[in-house]
Protein chains: 2
Amino acid sequence: MLRINRETDYATAILSLMAQEPDECYSAAWLSARRCLPAPVVSKILKQLVRAQLLVSHRGAKGGYSLARPAEEISIAAVINAIEGPIALTDCIEGGNSACQYSAHCAVSSNWSRINDVFQHALEAVSLKDMSEPLAAEHPGLRALGERVRSAVN
Amino acid sequence: MLRINRETDYATAILSLMAQEPDECYSAAWLSARRCLPAPVVSKILKQLVRAQLLVSHRGAKGGYSLARPAEEISIAAVINAIEGPIALTDCIEGGNSACQYSAHCAVSSNWSRINDVFQHALEAVSLKDMSEPLAAEHPGLRALGERVRSAVN
DNA sequence: CTTAAACCGTACCAAATTCGTACGGTTTCA
DNA sequence: TGAAACCGTACGAATTTGGTACGGTTTAAG
Ligand code: FES
Ligand code: FES
């Protein structure tokens, strides 16, 4: 299915909400209520984002979380990294130099690795700000996409 | 981690081997030995690929599997589809019109959906042939991907 | 016509991962 | 001093993944 995990999806949803008023300080409880997500889950996610330095936390009463940087400077790739670790389509990519036991018989890993790189760069190019802006439904760039891919190949 | 599952990786490895002599008929046992993969697993994968009409099977003694189409006409997207079902980065994308319960409060799902489409098209642009050629020169379908994701989202 | 090589299909199991919960602690403001 | 908020670890149920088992069917060769 090639999917990101659910917490990552939640994380982007929460962050995109925070991006609308970037200087506000949001409590976990408020975010949870606003997004209709279970409070403990929201807390857990927020803590992970703090550890990854995408958010800063303010302790004590009237505390909460706020963005560590402007929304334009937080990429979706960074969010994925924070929640689920480095982007690695295959086991062998993650292994790094400790090559997989089959690498001697495997012609494809370098090609997967390349696809992986492209995905990574693509996700780095999408910021939280892009993500939080509620799309213009008829977007001209998207319509021509199919053809552009096709013609790029031959 | 954003990963494809292991069987899909195996599948591409097996298929790329078959693509080198496309008209040959390969037995599951031979492929398993050649790739150093457990035989039952290879069988299981091959059967899934037959069901998805990427391979044809020949029963009986001297039977085996061969590519249903030229390697140029089998995309990596098709392989992923065969093994793990449709490409769907998030739950909500898979759900289709039966929208997720949070969709009313969720600003990001349409943006994920758009990224999903771009990935899908990109993977459709990479053929088994590309994949089986070790260290293919810059693949044009991939090169421009980053830009495309970017322009699809804003 | 018999045998063996090969595919077919279902069902099962163990291990890993995911998703979410629980709970006791710490910091800060009012 | 107390309430509001964050902090951290640890746990557990449910699902998914990766792989096995086994009995059946088809076909070529001898
Ligand atoms: S399976 Fe590890 S290198 Fe391809
Ligand atoms: S979480 Fe379902 S629409 Fe975003």
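A, B, ... follow the sequence lines: proteins, then strands. Residue 1 opens every chain.
- Rounded to whole Å, atom C1' of D:dT17 lies 16 Å from atom CG of A:Leu2.
- Between B:Ile87 atom CD1 and B:Glu84 atom CD the span is 8.0 Å, to the nearest 0.5 Å.
- Partner of A:Arg3 under the side chain to side chain donor-acceptor pair (under 3.5 Å) criterion, out of B:Thr90, B:Asp91, B:Asn116: B:Asp91 alone.
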Exercise. With side chain to side chain contact (heavy atoms under 4.5 Å, CB included) as the test, would you mind laying out the steps for B:Ile115 and A:Met131 before giving the verdict?
Key: CA-CA 10 Å; B:Ile115 293 174; A:Met131 205 69 173; 4.3 Å; yes
Exercise. Please test A:Met18 against A:Leu31 for side chain to side chain contact (heavy atoms under 4.5 Å, CB included), starting from the C-alpha separation and ending with a verdict.
Key: CA-CA 9 Å; A:Met18 297 176 73; A:Leu31 290 167; 4.0 Å; yes
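- Rounding to whole angstrom units, CD of residue B:Glu7 and C1' of D:dT16 are separated by 11 Å.
- Distance CZ (A:Arg3) to P (C:dT17): 18 Å, rounded to an integer number of Å.
- Spacing between atom CG of B:Asn5 and atom C1' of D:dG18 amounts to 9 Å, rounded to whole angstrom units.
- Atoms CD (A:Gln48) and P (C:dG20) sit 13 Å apart, rounded to a whole Å.
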Nucleotide N/O of nucleotides 3-7 of chain D paired with protein N/O under 3.5 Å:
{"residue": "D:dA4", "atom": "N3", "partner": "A:Ala61", "partner atom": "N", "Å": "3.4"}
{"residue": "D:dC6", "atom": "OP1", "partner": "A:Ala28", "partner atom": "N", "Å": "2.9"}
{"residue": "D:dC7", "atom": "OP1", "partner": "A:Ser57", "partner atom": "OG", "Å": "2.6"}
{"residue": "D:dC7", "atom": "OP2", "partner": "A:Tyr65", "partner atom": "OH", "Å": "2.9"}

Practice problem: Check step by step if side chain to side chain contact (heavy atoms under 4.5 Å, CB included) holds for A:Leu49 and A:Tyr65. | Solution: CA-CA 10 Å; A:Leu49 294 172; A:Tyr65 297 90; over 6 Å; no
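- Residue A:Glu72 qualifies as enclosed at atom CD: its count of foreign heavy atoms under 6.0 Å is above 12.
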